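Source: prediction; values computed, not measured.
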Amino acid sequence: MQERYEPAAIEAEAQHYWNQHHSFAAQEDDGREKYYCLCMFPYPSGRLHMGHVRNYTIGDVLARFMRMNGRNVLQPMGWDAFGLPAENAAMANGVPPAKWTLDNIAHMKAQLKSLGYGLDWNRELTTCLPQYYRWNQWLFLRMLEKGIAYQKTGVVNWDPVDKTVLANEQVIDGCGWRTGAPVEKREIPMYYLKITAYAEDLLDSLKDMKDWPERVRTMQANWIGRSEGVRLGFPHDIGEGGVLHAFTTRADTLMGVTFCAVAAEHPLAAYAAKDNAALSAFIRECKSGPAVEAELATQEKRGMPTGLHVRHPISGEAIPVWVGNYVLMSYGEGAVMGVPAHDERDFEFAKKYGLPIKPVIDVQGRPYSLEAWQSWYSEHGRCVNSGRYDGLEYEAAVAAVAADLSVKDLGKKRVTWRLRDWGISRQRYWGCPIPIIHCQGCGAVPVPDEQLPVVLPVDLVPDGSGNPLLKHAAFLNVKCPRCGADARRETDTMDTFVDSSWYFLRFACADNDQAMLDHRVQYWLPVDQYIGGIEHAILHLLYSRFWTRFMHDMGAVPFKEPFARMFTQGMVLNEVFYRKPESGRVQYFNTAEVTVTVDKDTQQRLAVLRADGGEVESGGIVTMSKSKNNGVDPQVLVDEFGADTARLFMMFAAPPEQTLAWSDEGVQGAYRFIKRLWKAVYDHVSQGPAAPLDKAALNETQRGLRRQAHQTLAKVTDDIGRRRTINTAIAAVMELLNALAKLPQASPQDRSVAQEALEIAVQGLSPIIPHVTHALWRHLGHRTALIDEAWAKVDADALQSSTLQWVVQVNGRLRAHIAIAVDADEAAVRAAALAEANVQKFMGGAPARKVIIVPGKLVNIVV
RNA sequence: GCCCGAAUGGCGGAACUGGUAGACGCGCCGGACUCAAAAUCCGGUCACCUAAGACGUGGUGUGGGUUCGAUUCCCUCUUCGGGCACCA
């Protein structure tokens with residue numbers, strides 16, 4: 001064994017060993033319990049970023065740990081290879097998205113290998129290849145047959161200059177990112193997947209998913225957004241007459257309605273605008289407003305009267321109808337009943353436009369004032385000023401109102417969902433073609449199964465002027481499969497969330513070119529542990545749950561939930577630096593190009609761009625992203641310190657579940673620790689083999705170290721296996737190594753105890769830093785490769801101790817530490833605590849009023 | 001705006017089920033080794049009172065509450081992060 005730690009050679013050798021022995025090639029084996037450990041697959045952007053390293057290291061730690069604990073582990077990897085960045089790169093460099101993407105994959109695959117992840121590359125899949133995406137198309141056709149996929153219109157961002165549809169992120173302050181032209185909204189036909197058909201089941205199942213983080217389940221539940229209420233009808237004589245429908249969860253406030261507000265897209269709005277120029281201008285303005293909910297919700301609430309009136313369903317009173325920019329056509333009925341007295345938005349709206357406010361709920365007799373909104377105005381209470389409903393509490397009032405309306409056929413209890421159907425059409429080239437052919441005579445005709453896949457041409461280069469498929473005759477022109485006439489192929493492609501909604505199933509059988517899935521799915525699925533960023537807590541996970549349910553219903557898989565256990569890692573953040581020139585777009589500068597100094601006197605931070613010495617501004621600490629140019633390249637770490645240091649640092653810097661703010665400091669510390677571990681083994685091994693451990697012949701010091709070694713093993717096992725706090729597992733091994741360094745190495749038994757402690761340290765860290773531990777295990781005298789060893793068992797005898805350390809408090813304040821024999825009874829503990837000198841001092845002669853004893857830990861004396 | 005999180009020394013963090021706040025690491029300070037530096041090793045490091053020391057006092061973003069006891073539970077506010085349906 002050599003004295004120096006040389007990561008490059010050690011890592012190459014360990015990786016060569018795993019490669020030669022196919023250590024991570026997973027085989028189905030009914031006799032062994034499987035463990036499917038999956039990390040969210042990456043978008044092949046070109047280089048790995050810190051988020052990937054964090055994600056895949058967590059996954060690899062768990063996979064290696066479970067493997068050593070006897071499970072048949074599958075840990076696959078693939079590529080989420082369709083998407084917008086490839087088109088942007090094509091526009092910038094003139095390289096076709098296919099080539100750019102595949103080149104990126106080759107580079108990132110090499111990076112993943114250099115980090116030593118135990119991945120089964122035999123199952124690699126790439127979503128932009130027809131052998132994968134053909135099954136998107138096949139399943140889409142099944143959804144079409146079942147009515148789960150359907151067509152309706154949807155709104156898109158339209159850049160009038162480039163004549164192209166923009167993604168939300170390409171719209172900056174309401175203007176196109178390339179042209180700067182104000183973006184228009186357009187309604188176009190699109191395909192939707194009826195996820196709402198599964199809303200109830202998606203929600204109900206959440207409560208059984210105990211191995212998912214609580215916060216993720218809460219977010220999903222809120223997203224699905226079940227609300228119970230009443231669907232009301234306001235009858236009217238507008239046009240040919242009819243009923244304006246609105247949904248409310250507060251039917252108890254019905255007698256407080258003073259207006260109704262409808263969305264700009266509502267038919268009544270269109271009717272009223274016919275001969276009202278001002279209103280039709282206002283509606284146009286609403287429609288051209290933001291499409292993003294966050295912007296919609298923060299914009300000023302505005303409205304305009306339509307001049308139309310509907311009748312109150314109970315009182316028959318005339319209620320004015322307004323158009324409001326805060327009413328969403330996509331939620332409920334696209335209309336709301338305005339109860340300004342008990343709804344904050346309605347209150348604000350009524351105040352602004354001088355509409356009457358009529359309090360109808362008494363909340364514990366508190367005085368209502370029309371002056372300013374109070375948060376308790378929207379609380380439940382008892383009906384007042386509500387005629388025959390006076391005195392009723394919330395539930396009774398809602399029931400009574402619903403019953404009365406139901407008689408008149410003007411209302412009914414109803415459940416509404418916030419969740420909307422999933423629009424999957426994208427007016428873009430680099431995605432999976434939607435298998436539809438448009439025929440003049442037959443309409444939208446599904447591509448027959450035997451003509452699948454519809455292959456995307458791979459040599460096109462988008463130029464920003466819309467989907468290049470529209471100009472590609474060979475793709476575009478086809479015969480109608482139904483009537484044989486000339487027809488046009490659908491040029492929209494699928495949302496990339498479709499690709500990622502089932503890839504986890506395909507890993508079980510990625511090589512099957514005859515079917516989407518096969519029997520191997522039943523062995524490997526569901527995923528035992530899924531790991532990915534918290535940013536995917538809602539959309540990706542919900543879409544995958546929906547997709548799996550559909551496949552379950554068609555009998556393709558025997559389970560409804562794809563991910564038995566979910567782990568959401570926190571994001572990796574870094575400071576962002578920028579300059580905003582007088583004209584033009586904000587310029588971002590990478591952390592690596594910026595020097596930050598702190599003025600000693602003023603404590604002011606100064607950030608300077610090294611290239612020109614000029615000052616740059618700090619935009620705070622945010623997620624590392626390409627668009628903010630604040631990423632740190634993990635490759636630099638690997639090149640300088642090796643993969644083990646990169647892995648160790650990422651795992652030690654923060655608990656995996658929380659955000660990690662990047663800092664360069666600390667990397668050195670991780671490197672130093674590995675060197676110390678290496679040195680400790682070197683010093684030990686260079687004295688020759690250790691004698692066998694004689695448990696009976698140990699002195700007190702040796703027993704103490706042995707106890708700590710096994711406590712460490714227990715802690716590491718629990719921290720990785722149950723708590724998933726890899727950072728504390730590392731800290732525990734560091735402590736063990738610190739203690740070992742203080743142990744004298746004189747007698748043969750000293751060396752035996754040291755041998756055992758070093759083995760525990762090396763094995764305990766092996767899931768985290770697998771290369772160096774692979775080498776050290778050999779040096780410690782083992783023939784079997786560490787990855788093939790079974791996880792060590794805690795020796796219960798080693799944990800035994802004759803005394804326990806107790807804490808004694810007086811009135812909840814720490815006053816003494818006492819050591820008491822383990823077998824002492826409660827009375828003895830109590831007596832010992834009361835006898836302690838410092839305890840007596842703080843009791844000041846007063847008798848103990850109460851003595852609280854927490855077994856094995858603490859005595860609190862209350863005086 | 002709405003939904004979900006987070007806040008602990010100079011910094012990252014620990015304290016797992018309401019029971020010793022600050023483990024472990026970084027940084028810094030002092031020392032050893034060296035002609036010197038790097039590397040490495042040893043010691044110290046929340047603040048305050050004190051000549052010094054102590055199982056003295058204060059202290060876990062803010063303000064309040066529950067409790068014998070609160071970083072942990074409840075309420076309020078502030079700041080930061082994630083999501084908001086076409087970034088992935």
Sticking with atom [atom1], work out how far [N] lies from [M], rounded to a whole angstrom.
N: B/rG65; M: B/rU60; atom1: P; result: 15 Å
N: B/rU76; M: B/rG5; atom1: P; result: 14 Å
N: B/rC11; M: B/rC48; atom1: P; result: 15 Å
N: B/rA39; M: B/rC49; atom1: C1'; result: 42 Å
N: B/rA7; M: B/rU71; atom1: P; result: 14 Å
N: B/rG61; M: B/rC41; atom1: C1'; result: 40 Å
N: B/rG22; M: B/rG58; atom1: C1'; result: 15 Å
N: B/rU72; M: B/rG19; atom1: P; result: 11 Å

Which part of the nucleic acid, if any, lies within reach of [X] when heavy atoms closer than 4.0 Å are counted: base, sugar-phosphate only, or nothing?
X: A/M190; result: base
X: A/Y326; result: nothing
X: A/I852; result: base
X: A/I621; result: sugar-phosphate
X: A/Q658; result: nothing
X: A/Q809; result: base
X: A/P655; result: sugar-phosphate
X: A/N738; result: sugar-phosphate
X: A/R813; result: sugar-phosphate
X: A/A653; result: sugar-phosphate
X: A/S425; result: base
X: A/H540; result: nothing
X: A/K841; result: nothing
X: A/W422; result: nothing

Any chance the side chains of [X] and [Y] put a donor and an acceptor closer than 3.5 Å?
X: A/Y326; Y: A/D346; result: yes
X: A/D421; Y: A/T196; result: yes
X: A/T728; Y: A/D719; result: yes
X: A/N136; Y: A/W502; result: yes

Stem ranges for RNA chain B, with three or more consecutive Watson-Crick or G-U pairs under 3.5 Å?
B:1-7 with B:78-84, B:10-12 with B:24-26, B:27-32 with B:40-45, B:46-48 with B:56-58, B:63-65 with B:73-75

Would you call A/L541 and A/Y530 a side-chain contact if the rule is heavy atoms closer than 4.5 Å?
yes

Is the number of heavy atoms from other residues, nucleotides or ligands under 6.0 Å of A/K679 NZ greater than 12?
no

Contact nearer the 5' end of RNA chain B, comparing A/D718 with A/R676:
A/D718

When A/F497 and A/N222 are each assigned the nearest nucleotide of RNA chain B, the 5'-most assignment goes to A/N222

Is the centre of the A/Y503 ring less than 6.0 Å from the centre of the A/W547 ring?
no

For A/Y133 and A/F82, I'd like to know if the aromatic rings sit close, meaning centre-to-centre distance below 6.0 Å.
yes

Tell me, with the steps shown, if A/R676 and A/N738 meet side-chain hydrogen bond (donor to acceptor under 3.5 Å, both in side chains).
CA-CA 10 Å; A/R676 270 184 2 107; A/N738 290 344; 2.7 Å; yes

Does the structure place the NZ or CZ of A/K301 under 6.0 Å from the centre of the six-membered ring of A/F349, at an angle of no more than 45° from the ring's axis?
no

At the 4.0 Å heavy-atom cut-off to chain A, mark where contacts on RNA chain B begin and end, going 5' to 3'.
B/rG1 to B/rA88

Identify which one of A/M50, A/R647, A/M650 satisfies the side-chain contact (heavy atoms from CB on, under 4.5 Å) criterion when paired with A/L637.
A/M50

Specify the glycosidic conformation (syn or anti) of B/rG53, with syn defined as within 90° of 0.
anti

